[in-house]
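Just follow the structure's listing: the first ligand is 1, and inside any ligand the first atom is 1. Note that the structure is predicted; figures quoted are calculated from it, not measured.
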Amino acid sequence: MRELIFLKPVFTHNIWGGTRLHDEFGYDIEGSDIGECWGIAAHPNGDSTVEGGSYDGMKLSVLYQEHRELFGGIEGDKFPLLIKIIDAHDNLSIQVHPDDGYAGVHENGSLGKTECWYIMDCPENAKLVVGHNAASKDELESMIHEGRWDSFIRELPIANGDFIQIDPGTVHAITTGCLILETQQNSDITYRVYDYNRLTNGKPRELHVEQSIDVITVPAKSADDSLSHTAERNDSAADVLIENNFYKVFKISVKGSFEFEQSYPFLNVSVVEGSGSLDGHEIKKGTHLIVPAGYGSMSLEGDMTLIASTVSR
Ligand code: ZN
């Protein structure tokens, strides 16, 4: 099957959202509180729509159910991954996700959430919350119950092009001014530990303190094991950023022309910088598409950076 599947994203309004998804990406969405662009998503809270081609207008969840051959016939009743761009005009809440085991029991059979972030843009001297400083479960509980947030959270300095893996059980938060491409398991289960005492419509958002304490890993994984600096390429290349049980993620740099062999069950592709073409189709920052099973060689031209992902085998 030699047909690319272009997708129309779904957007979310969030207390911490902004206008960059409209202003910088040209997405057709209005509002000053647009937090997330769900570029490749087949979730009940957001389902991308195919744009053009044989499956024009079909939801990704339906395409996945009815044309599993496009996805290499993989098992599983839900499309496994979800790709988002996040515009944090303000700090996101400090949160943690459960793993499959905990979510399956406590969240109605839902999947857990393992995720990773590619930093598309961040302010100078930006820091993200990744991990915490509690040495034991007792210390974790007292820090949280006593609200000792400054000593509890661990902040890591970041720069454009950094890559961060967030395992379930990792305390994390995206901070003001960061624009991030997130690759994650197809799940929306989040436990909020702390929300800076903000109010939405006069009320604080719900916290999930007990669930958070249940699932937070103690001690946290080391900072070095959580963050890496991706290669800044002057020539074309495909670098593997991570491969784990849930996903394999590539950074594809195109400077001129580049061939990439699509030999996976499917390949999610998002353009995070620049513009160019893929087998003659124009693509640019903000384009999201799926390259189906059996596609073979992809001819990329232009000056651009793509983040691509597939399931691990
Ligand atoms: Zn998260």
In terms of relative ring orientation, are Phe6 and His281 parallel, tilted or perpendicular, with 30° and 60° separating the classes?
tilted
Strictly distance-based, threshold 3.5 Å: is any side-chain N or O of Glu107 a donor or acceptor partner for the main-chain N or O of Ile189?
no
May I ask you to list the residues sharing a hydrophobic cluster with Leu82, side-chain cutoff 4.5 Å, ordered by chain and number?
Val10, Trp38
Hey, could you give me each pair passing ring pair (Phe, Tyr, Trp, His ring centres under 6.0 Å) that has a residue in residues 106-127? Not counting sequence neighbours.
Tyr102-His106, Trp117-His172
Examine the side chains of Gln185 and Asp100 and answer whether a donor and an acceptor come within less than 3.5 Å of each other.
yes
Near the Zn ion (ligand 1) (under 2.8 Å) - protein N, O or S atoms:
His97 NE2, Glu115 OE1, Glu115 OE2, His172 NE2
Using the ring-ring contact (aromatic ring centres under 6.0 Å, His included) criterion, which residues pair with Phe250? Sequence neighbours excluded.
Phe260, Tyr264
